[in-house]
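Below is one structure, written out as structure tokens; the observations come after it.
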Amino acid sequence: MLTTVDLRCEYARTPLGIDACPPRLSWQLRATIRGQRQSAYQLRAATSPDLLARDAPDLLDTGKVASSAQMVAYAGPELQSRERVWWQVRAWDHADEPGPYSEITWFETGLLNPEDWHAEWIGFSAGWNGRALYFRTPLHLDKPVRTARAYVSGLGYYELRLNGRKVGDHVLDPGTTSYDKRVLYVTYDIAPYLRAGAGLGGENVLAAIVGHGWYGAPKLLLQVEITFEDGSIFEVLGQTGPWQVGLGPIVGNSIYGGELYDARLEIPGWDMPTTADGDRPVSGQNAASEGSEADTAQWVRPNVVDGPGGTLVAQALEPIRVVQTLAPVTVSTPRPDVFVCDLGQNIAGWARLRCQGSRGSRVTLRFAESLYPDGTVNQENLRSAAATDVYILKGDGVEIWEPRFTYHGFRYVQVEGYPGALTQEAVEGRLVRSDTHPAAEFTCSNELLNRIHRMVWWTEATNQHSIPTDCPQRDERMGWLNDLGARTEEAIINFDLSRFFPKWVADIHDAQDPHTGAITDTAPYRWGTRPADPVSVSYLLIAWMVYVHYGDTRSMYEHYEGFKAWVEYLASRAQDHIVTYSYYGDWAPPVEESVGGSQGTSAVSLNTPGALVSTGYYYYAARLLSQMAEVLDKRADALHYAERARKIAAAYHEHFYDPATGGYGSNNQACNALSAYLGLVPEHLQDRVIENLVHDVLVLHDGHLTTGNLCTKYLLEVLTHNHHADVAYRVVTQETYPSWGYMLANGATTVWERWEHATGGGMNSHNHPMYASVGAWLCRALGGIMADPKGPGFARFDIRPHPAGDLTHARCSLETVRGRIESAWMLEGERLTLQVTVPVGSNARICVPVPSKGDRFRITEAQVPVWQDGPMDSVPGLESVHAEPHCIAFAVGSGSYTFVREPNYDNHI
Ligand code: BGC
């Protein structure tokens with residue numbers, strides 16, 4: 001029997017304010033016995049949970065649908081704006097036994113039509129002088145409230161407040177976009193914040209603070225809809241009613257620069273209704289005992305201002321939140337009255353300050369990734385980002401403060417001007433990031449690899465801020481498409497990016513030139529060049545990986561024409577299928593492999609020709625496009641781009657293969673790894689190319705890499721999948737330069753941008769995810785969990801672990817849309833145990849590695865012999881068995897399996 005759990009709508013649990021119509025509903029399955037499959041489902045929906053509980057769904061009842069699908073489009077009546085739909089689902093197993101109905105869940109639509117927006121953007125035409133704007137309006141509610149919603153956007157960032165409380169827990173909201181194309185809005189249920197009733201009991205104050213963010217002059221869009229118990233509706237719009245706008249204690253706010261907060265300018269109770277005795281209660285943070293109502297009396301009416309121009313779209317990805325608080329591990333005093341707090345971990349976010357002192361004292365917080373030898377912070381590599389927050393005390397007891405409209409990438413906080421002695425409790429690190437869920441766990445017997453995994457995790461975790469950023473600390477924090485070519489797989493393994501990544505594909509699309517098809521180096525476009533470097537395959541690759549990992553075809557479908565236009569743009573720049581333009585290529589390899597004095601503090605590769613990389617990526621994009629066309633049933637395109645890819649491959653080989661060396665380009669690691677990874681090497685030359693690669697790593701570089709941001713990933717993959725996992729292992733476990741171990745040996749807690757340990761003024765971020773691509777290798781090569789594009793959403797996958805080097809065990813798990821996959825292996829002498837969990841709804845091919853020497857062996861599963869010189873008994877759940885060159889592959893259905901491979905003792909008699 002199957003139970004249905006973890007019901008989601010558009011990959012979210014109970015999303016409020018969606019606009020994807022019809023939304024897709026999905027569920028996971030649980031079973032108690034192996035090999036269970038869903039043979040049918042029934043989904044029903046209603047306008048209230050009671051109707052479902054009473055078996056009377058009034059919106060949808062699919063009846064029993066014979067299907068194994070675990071994600072279906074909502075097929076009820078066409079959805080209207082502001083509609084709440086309750087739903088549940090049940091499933092039949094392969095023996096046609098129905099399971100129970102799931103718990104009841106819901107989704108709610110936002111504002112689906114432009115006409116639903118009655119609010120207009122408001123701001124302060126008189127100017128804002130770099131300060132945050134504070135908006136407020138009283139709100140009198142004299143009847144009981146049934147539902148209350150706020151639909152809000154504020155650029156650059158807003159904080160919505162009601163009756164002195166922050167509404168929700170988002171920070172740095174909404175997610176950044178190309179505001180002239182698309183603006184995200186957020187829906188809140190504000191009923192719990194309201195006070196309704198007769199007289200003063202029904203007084204409320206609705207307020208918002210709006211900061212600069214990635215925009216310019218702050219502006220607010222706010223539409224509040226309150227439905228009373230009697231059915232009447234009350235609408236509050238930003239531009240109508242007694243609104244006021246004014247300035248407050250946030251005197252300066254800038255993402256790169258930091259925040260300047262003068263607590264003396266707080267207006268106590270500015271966002272609170274007046275109580276019966278005429279006082280305003282204190283409103284939590286930023287409230288103070290001083291000030292008076294008169295302060296807001298001087299505020300003026302906001303102006304209706306031009307909107308940013310973009311279409312309003314519901315924010316459908318996880319908001320940025322404060323997700324963790326870290327206490328400093330040490331506090332030092334490098335100079336009198338200068339304190340330096342070390343969090344022990346490089347993070348993204350800010351510090352929460354606790355202090356007590358005289359009015360007007362000024363505490364300065366400087367953020368940095370490294371220290372000078374004298375123990376003070378070194379901010380040189382932040383370039384023009386001041387990364388400095390200032391708090392001016394109001395002098396009223398213990399003051400606790402944290403900023404709102406900035407964030408920093410840092411491990412160290414230098415505190416100057418702190419009143420008194422700074423204790424460990426005075427400063428806390430606040431980890432701020434898009435609240436995406438971690439998806440993978442990895443551990444193994446080599447502690448260095450575990451540390452690399454943690455370093456990768458932190459790097460990825462601290463570079464998701466509604467876009468995948470290149471770094472969180474310096475004057476950049478852009479979504480660089482080139483880096484994502486290598487980072488995508490690591491990111492999608494370590495985090496659930498089912499909502500985050502499609503949003504960024506749309507960002508890339510927004511920045512695409514509709515006439516030429518050219519995309520931009522960064523999205524939203526803020527830096528770099530247009531047209532983008534040809535390596536920017538991430539536009540297509542992310543949509544493809546979202547399909548492979550989550551079974552989601554929407555990004556591919558929606559942006560297909562954009563992908564095609566990019567491929568055609570590259571074609572327009574190609575001569576005889578060779579693309580020669582290149583800016584970055586295999587960017588930032590070890591400095592001795594770089595062109596001295598090239599852009600980005602010598603980051604252009606000396607030995608990896610730009611044209612080779614650009615042409616390789618043109619091929620990659622054309623091939624992905626063909627694969628997508630196939631999935632989307634665009635047969636003609638599938639054939640057309642497959643043929644294009646074939647031609648590019650032929651030209652590439654012709655142009656870049658050197659029969660004298662048996663390798664591509666300069667025959668270095670990057671050229672050969674890229675060629676082999678993309679499948680550009682004709683089969684009869686494959687062994688030679690791989691031999692060259694191995695020779696280069698082992699003989700010429702003593703087990704070290706020479707690759708840049710892209711080809712590092714390919715080097716490890718290519719070695720591993722050509723039976724040289726030991727060589728890849730050697731590269732990854734190095735502790736001398738250049739390597740991840742070298743970074744760790746030099747105190748890294750996040751992955752560096754350069755293989756060198758640099759701390760000067762150039763391009764050397766200490767938290768840069770491009771080299772975190774090794775994280776994918778840990779889970780795929782060592783953990784063995786490999787997605788299979790032929791079974792998207794992990795309907796099919798491989799477990800193919802490589803017990804490389806001196807490893808004796810490894811364990812990896814991955815949360816997928818079908819449930820948790822687990823893979824754990826252990827070597828005890830010649831005995832290998834491999835334990836695997838396959839979620840219901842998935843089929844896996846479990847590859848039990850076998851000795852290559854030709855030794856005889858026996859494999860059991862749950863102690864039943866399943867292989868000895870050939871397949872033996874079958875066990876439940878096990879569908880077929882076959883031998884591959886280095887493993888025995890067992891095709892299995894869902895369930896948990898324990899395979900043991902041991903020497904066949906008959907050998908030893
Ligand atoms: C970014 C990198 C990117 C590079 C390309 C840098 O400034 O931080 O991540 O690869 O530019 O030029």
Side-chain angles (χ1 to χ4, degrees), residues 214 255-256 346 348 369 380-385 387 407-409 456 459-460 462-465 467-488 490-491 504 507-508 511 519-539 541-542 581-591 593-595 597-606 608 610 613-614 617 670 674 707-714 743 748 750-756 758-775:
W214 292 103
I255 292 182
Y256 295 156
N346 203 350
E369 297 187 304
E380 287 178 42
N381 71 334
L382 312 187
R383 302 193 305 211
S384 73
Y407 77 97
H408 314 291
V456 162
T459 310
E460 188 54 52
T462 49
N463 277 288
Q464 296 178 1
H465 291 97
I467 57 169
T469 58
D470 57 336
C471 55
Q473 75 296 85
R474 70 176 176 223
D475 52 355
E476 211 155 335
R477 317 181 200 188
M478 312 277 173
W480 276 92
L481 273 72
N482 63 330
D483 296 352
L484 266 293
R487 170 182 165 194
T488 295
E490 169 277 311
W504 195 57
D507 291 334
I508 302 173
I519 54 174
T520 50
D521 274 338
T522 55
Y525 183 42
R526 301 208 171 101
W527 210 345
T529 44
R530 175 200 295 270
D533 188 299
V535 298
S536 304
V537 75
S538 44
Y539 187 21
L541 180 64
I542 292 181
Y581 88 93
S582 164
Y583 317 128
Y584 318 118
D586 190 31
W587 183 246
V591 77
E593 299 282 332
S594 306
V595 180
S598 61
Q599 58 163 322
T601 330
S602 307
V604 174
S605 173
L606 183 63
T608 309
V613 179
S614 292
Y617 273 85
L674 178 74
T707 41
N709 67 342
L710 304 172
C711 294
T712 296
K713 173 180 177 65
Y714 310 145
M743 296 182 194
T750 44
V751 180
W752 300 341
E753 175 177 29
R754 308 304 295 264
W755 293 114
E756 295 74 36
T759 53
M763 193 192 88
N764 60 75
S765 136
H766 287 217
N767 185 355
H768 224 77
M770 60 198 198
Y771 288 124
S773 60
V774 64

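Note that the structure is predicted; figures quoted are calculated from it, not measured. Whatever order the structure lists them in is the order used to number ligands and atoms, beginning at 1.
Of all protein heavy atoms, the one lying nearest to atom 12 (O) of ligand 1 is Tyr584 CE2, 2.9 Å. Given atom 11 (O) of ligand 1, the protein heavy atom at minimum distance is Trp480 CZ2, 3.4 Å. Looking at atom 4 (C) of ligand 1, its nearest protein heavy atom turns out to be Trp587 NE1, 3.3 Å.
Side-chain polar atoms of Asn764 and Thr601 form no donor-acceptor pair below 3.5 angstrom. With no hydrogens or angles considered, no side-chain donor-acceptor pair links Thr608 and Asp586 at under 3.5 Å. Inspection of the Tyr584 and Asp521 side chains reveals an N or O donor paired with an N or O acceptor under 3.5 Å.
Looking at ligand 1, you'll find an N or O of Asp470 within less than 3.5 Å of one of its N or O atoms. At least one N or O atom of Glu476, backbone or side chain, sits closer than 3.5 Å to an N or O atom of ligand 1.
No donor-acceptor pair under 3.5 Å is formed between the side chain of Thr459 and the backbone N or O of Pro769. For the pair Ser536 (side chain) and Asp533 (backbone), a donor-acceptor distance under 3.5 Å is present.
Using 4.0 Å as the threshold, Met478 has no heavy atom nearer than that to any atom of ligand 1.
Near Arg474, the atoms of ligand 1 lying under 4.0 angstrom from a non-hydrogen atom of the residue are 1 (C), 6 (C), 7 (O), 8 (O). Less than 4.0 angstrom separates some heavy atom of Asn482 from each of these atoms of ligand 1: 3 (C), 5 (C), 10 (O). Every atom of ligand 1 with a heavy atom of Glu753 under 4.0 Å away is listed here by number and element: 8 (O).
Classification of Glu476 and Arg383 as a salt-bridged pair holds, one side-chain N sitting under 4.0 Å from a carboxylate O.
Contact of the Trp587 side chain with the Leu710 side chain is not registered, since no non-hydrogen atoms from C-beta on lie closer than 4.5 Å.
Closest to atom 3 (C) of ligand 1 by heavy atom, among Thr522, Asp483, Asp521, is Asp483.
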